[in-house]
Q: 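Once you've had a glance at the structure underneath, I'll fire off some questions.
All of these numbers come straight from a predicted model, not from anything done at the bench.
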Amino acid sequence: MKYNFKGINAEELSFKHNRVRLEPNTKLDIKPQFARQVRKVNGNDKIVFIALSLKVESTESEPKPFDIHVTLVGTFEVEDLVAGSDEERDFLIDGTKILFPYLRAAVTNLTASAYVAPLNLPVIDGPIFPEDRDVYAFKAGGEELN
(Lines give C-alpha, C1' and ligand atoms only; values in the text may rest on other atoms or scores of the structure.)
Protein backbone atom coordinates (compact mmCIF):
# COMPACT_ATOMS: atom_id res chain seq x y z
CA MET A 1 0.00 0.00 0.00
CA LYS A 2 1.27 3.45 -0.94
CA TYR A 3 -0.20 6.78 -0.01
CA ASN A 4 0.49 10.42 -0.83
CA PHE A 5 -0.47 13.36 1.33
CA LYS A 6 -2.20 15.75 -1.07
CA GLY A 7 -3.09 18.63 1.22
CA ILE A 8 -4.92 19.96 4.23
CA ASN A 9 -7.70 22.42 4.89
CA ALA A 10 -9.49 23.84 7.90
CA GLU A 11 -13.06 22.67 8.21
CA GLU A 12 -13.72 24.49 11.50
CA LEU A 13 -11.82 27.07 13.53
CA SER A 14 -13.80 28.60 16.37
CA PHE A 15 -12.90 30.38 19.57
CA LYS A 16 -15.20 31.74 22.25
CA HIS A 17 -13.92 33.68 25.23
CA ASN A 18 -15.65 32.76 28.48
CA ARG A 19 -15.84 35.22 31.34
CA VAL A 20 -14.48 32.91 34.01
CA ARG A 21 -13.12 34.35 37.23
CA LEU A 22 -10.10 32.47 38.46
CA GLU A 23 -8.23 32.92 41.69
CA PRO A 24 -4.59 34.01 41.32
CA ASN A 25 -2.16 31.13 40.76
CA THR A 26 -5.03 28.78 39.85
CA LYS A 27 -3.89 25.96 37.61
CA LEU A 28 -6.24 25.13 34.78
CA ASP A 29 -6.79 21.63 33.52
CA ILE A 30 -7.78 22.24 29.91
CA LYS A 31 -8.35 18.54 28.95
CA PRO A 32 -8.71 18.77 25.17
CA GLN A 33 -10.85 16.11 23.53
CA PHE A 34 -9.64 14.64 20.26
CA ALA A 35 -11.66 12.95 17.53
CA ARG A 36 -10.88 11.44 14.14
CA GLN A 37 -13.20 10.72 11.26
CA VAL A 38 -12.34 8.93 8.01
CA ARG A 39 -14.28 9.60 4.83
CA LYS A 40 -13.94 8.21 1.32
CA VAL A 41 -15.16 9.56 -1.98
CA ASN A 42 -18.04 7.58 -3.48
CA GLY A 43 -16.83 5.91 -6.64
CA ASN A 44 -13.15 6.67 -6.02
CA ASP A 45 -11.47 4.36 -3.51
CA LYS A 46 -8.13 6.12 -3.96
CA ILE A 47 -9.11 9.38 -2.23
CA VAL A 48 -9.36 9.28 1.57
CA PHE A 49 -10.05 12.19 3.91
CA ILE A 50 -8.95 12.10 7.53
CA ALA A 51 -10.54 14.74 9.76
CA LEU A 52 -8.70 15.42 13.01
CA SER A 53 -10.54 17.49 15.62
CA LEU A 54 -9.86 19.09 18.97
CA LYS A 55 -12.50 20.45 21.31
CA VAL A 56 -12.23 22.28 24.62
CA GLU A 57 -15.52 23.29 26.23
CA SER A 58 -16.28 24.97 29.51
CA THR A 59 -18.84 23.39 31.82
CA GLU A 60 -20.28 24.44 35.17
CA SER A 61 -18.30 21.76 36.95
CA GLU A 62 -15.09 22.46 34.99
CA PRO A 63 -14.97 26.10 33.88
CA LYS A 64 -12.46 26.98 31.20
CA PRO A 65 -11.40 30.47 30.07
CA PHE A 66 -12.38 29.67 26.48
CA ASP A 67 -14.15 27.20 24.22
CA ILE A 68 -12.25 26.11 21.14
CA HIS A 69 -13.14 23.83 18.24
CA VAL A 70 -10.64 23.00 15.51
CA THR A 71 -11.14 20.47 12.72
CA LEU A 72 -8.55 19.97 10.00
CA VAL A 73 -9.04 17.62 7.06
CA GLY A 74 -6.14 15.95 5.31
CA THR A 75 -6.54 14.59 1.78
CA PHE A 76 -4.67 11.43 0.89
CA GLU A 77 -4.35 9.45 -2.32
CA VAL A 78 -4.07 5.77 -1.44
CA GLU A 79 -3.32 2.76 -3.61
CA ASP A 80 -4.27 -0.82 -2.78
CA LEU A 81 -5.99 -0.04 0.52
CA VAL A 82 -7.98 -3.01 1.80
CA ALA A 83 -10.75 -2.06 4.23
CA GLY A 84 -10.30 -3.56 7.69
CA SER A 85 -6.70 -4.64 7.03
CA ASP A 86 -3.62 -4.03 9.17
CA GLU A 87 -2.36 -1.75 6.39
CA GLU A 88 -5.49 0.38 6.74
CA ARG A 89 -4.89 0.76 10.49
CA ASP A 90 -1.24 1.64 9.83
CA PHE A 91 -2.36 4.24 7.29
CA LEU A 92 -4.80 5.79 9.81
CA ILE A 93 -2.05 6.00 12.44
CA ASP A 94 0.39 7.51 9.93
CA GLY A 95 -2.21 9.94 8.59
CA THR A 96 -3.03 11.09 12.12
CA LYS A 97 0.67 11.58 12.84
CA ILE A 98 0.98 13.70 9.69
CA LEU A 99 -2.00 15.91 10.62
CA PHE A 100 -1.29 16.39 14.34
CA PRO A 101 1.48 19.03 13.97
CA TYR A 102 -0.88 21.10 11.82
CA LEU A 103 -3.57 20.78 14.50
CA ARG A 104 -1.07 21.87 17.17
CA ALA A 105 -0.11 24.94 15.13
CA ALA A 106 -3.75 25.86 14.40
CA VAL A 107 -4.68 25.67 18.10
CA THR A 108 -1.67 27.75 19.15
CA ASN A 109 -2.29 30.36 16.44
CA LEU A 110 -6.03 30.56 17.12
CA THR A 111 -5.58 31.14 20.84
CA ALA A 112 -2.73 33.62 20.28
CA SER A 113 -4.85 35.51 17.73
CA ALA A 114 -7.58 35.81 20.36
CA TYR A 115 -5.08 37.61 22.65
CA VAL A 116 -5.05 34.95 25.34
CA ALA A 117 -2.11 32.90 26.50
CA PRO A 118 -1.49 30.49 23.61
CA LEU A 119 -2.51 26.90 24.16
CA ASN A 120 0.49 24.78 23.20
CA LEU A 121 -0.34 21.11 22.78
CA PRO A 122 2.47 18.70 23.59
CA VAL A 123 4.49 16.97 20.91
CA ILE A 124 3.18 13.42 20.67
CA ASP A 125 5.45 10.77 19.23
CA GLY A 126 2.93 7.97 19.08
CA PRO A 127 -0.75 7.35 18.68
CA ILE A 128 -3.28 9.80 20.10
CA PHE A 129 -6.23 7.45 20.09
CA PRO A 130 -6.52 4.43 22.42
CA GLU A 131 -7.62 2.14 19.59
CA ASP A 132 -4.29 2.79 17.85
CA ARG A 133 -2.08 2.14 20.87
CA ASP A 134 -2.28 -1.66 20.81
CA VAL A 135 -1.09 -1.70 17.20
CA TYR A 136 1.64 0.87 17.81
CA ALA A 137 2.94 -0.96 20.89
CA PHE A 138 4.07 -3.86 18.68
CA LYS A 139 5.64 -1.79 15.94
CA ALA A 140 8.50 0.64 15.78
CA GLY A 141 9.29 2.59 12.66
CA GLY A 142 6.94 0.43 10.61
CA GLU A 143 8.86 -2.75 11.43
CA GLU A 144 7.57 -5.52 13.66
CA LEU A 145 9.56 -5.99 16.84
CA ASN A 146 10.87 -9.41 17.80
Side-chain angles (χ1 to χ4, degrees), residues 1-18 20 26-146:
M1 175 205 55
K2 291 187 337 183
Y3 63 87
N4 290 316
F5 178 51
K6 293 299 194 179
I8 190 168
N9 66 357
E11 190 169 272
E12 179 179 12
L13 296 169
S14 70
F15 180 92
K16 178 185 165 220
H17 193 276
N18 298 323
V20 176
T26 301
K27 259 197 143 171
L28 289 174
D29 193 6
I30 297 294
K31 294 183 186 175
Q33 299 171 0
F34 296 95
R36 173 179 60 198
Q37 183 180 28
V38 180
R39 299 183 296 236
K40 296 180 182 178
V41 175
N42 288 336
N44 186 350
D45 294 338
K46 290 186 176 189
I47 303 297
V48 178
F49 301 102
I50 298 177
L52 188 60
S53 301
L54 172 133
K55 177 170 60 170
V56 173
E57 289 185 320
S58 185
T59 63
E60 273 190 41
S61 61
E62 293 185 22
K64 310 243 183 338
F66 53 79
D67 292 348
I68 187 170
H69 296 244
V70 175
T71 300
L72 300 181
V73 179
T75 305
F76 296 85
E77 185 176 18
V78 184
E79 293 181 21
D80 305 321
L81 184 66
V82 178
S85 67
D86 288 343
E87 285 183 332
E88 182 183 43
R89 281 187 74 169
D90 289 345
F91 163 68
L92 291 178
I93 292 170
D94 289 348
T96 302
K97 286 170 60 175
I98 289 169
L99 295 175
F100 187 73
Y102 293 99
L103 182 73
R104 287 182 69 236
V107 168
T108 300
N109 290 330
L110 185 59
T111 51
S113 295
Y115 301 105
V116 299
L119 175 57
N120 295 305
L121 299 174
V123 174
I124 297 177
D125 186 29
I128 298 170
F129 299 99
E131 62 267 22
D132 296 340
R133 290 186 187 131
D134 59 337
V135 173
Y136 191 79
F138 297 106
K139 296 191 177 201
E143 298 296 321
E144 298 212 1
L145 299 174
N146 294 329

Q: Just how far is it from atom CZ of R104 to atom CG of L119, taken to the nearest 0.5 Å?
A: 10.0 Å

Q: Hey, does the side chain of N4 reach the backbone of E77 with a donor-acceptor pair shorter than 3.5 angstrom?
A: no

Q: Considering all heavy atoms of both residues, which atom of G95 and which atom of I50 are nearest to each other, and what is their separation?
A: CA-CD1, 3.9 Å

Q: In Å, rounded to the nearest 0.5 Å, how long is the span from OH of Y102 to CG of N9?
A: 12.5 Å

Q: Side chains of K46 and V78: does their closest heavy-atom pair fall under 4.5 Å?
A: no

Q: Can you tell which of E11, E57, Q33, K55 makes a side chain to side chain donor-acceptor pair (under 3.5 Å) with H69?
A: E57

Q: Do the non-hydrogen side-chain atoms of H17 and F15 ever get within less than 4.5 Å of each other?
A: yes

Q: Over all heavy atoms of both residues, which pair between G74 and L99 is shortest? Give the atoms and the distance, please.
A: CA-CD2, 3.7 Å

Q: Nearest 0.5 Å, please: how far is OG1 in T71 from CZ in R36?
A: 14.0 Å

Q: Evaluate whether atom CG of D45 has more than 12 neighbouring non-hydrogen atoms of other residues, nucleotides or ligands under 6.0 angstrom away.
A: no

Q: Check whether any side-chain heavy atom of V73 sits under 4.5 Å from a side-chain heavy atom of R39, and report yes or no.
A: yes

Q: Hey, could you give me the NZ/NZ distance between K64 and K16, rounded to the nearest 0.5 Å?
A: 13.0 Å

Q: Given F76, which partner from the list D94, I98, L81 fulfils the side-chain contact (heavy atoms from CB on, under 4.5 Å) test?
A: I98

Q: Grab the two heavy atoms, one from L110 and one from S14, that are nearest each other, plus how far apart they are.
A: CD2-O, 3.6 Å

Q: Determine, stepwise, if the pair S58 / D67 fulfils side-chain hydrogen bond (donor to acceptor under 3.5 Å, both in side chains).
A: CA-CA 6 Å; S58 185; D67 292 348; 4.8 Å; no

Q: State, with a plain yes or no, whether a side-chain heavy atom of P32 is found less than 4.5 Å away from one of L121.
A: yes

Q: Quick check: closest heavy atoms across V20 and P63, and the distance to 0.1 Å?
A: CG1-CB, 3.8 Å

Q: Supply the atom-to-atom distance L72 CG to E12 CD, rounded to the nearest 0.5 angstrom.
A: 10.5 Å

Q: Show the nearest heavy-atom pair for residues I30 and P65, with the distance to one decimal.
A: CD1-CD, 4.4 Å

Q: Verify side chain to side chain contact (heavy atoms under 4.5 Å, CB included) between Y3 and V48, making sure each step is shown before the conclusion.
A: CA-CA 10 Å; Y3 63 87; V48 178; over 6 Å; no

Q: Determine whether I93 and F129 make a side-chain contact, defined as any pair of heavy atoms from C-beta on separated by less than 4.5 Å.
A: no

Q: Out of curiosity, L54 CG to L103 CG, how far, rounded to the nearest 0.5 Å?
A: 5.5 Å

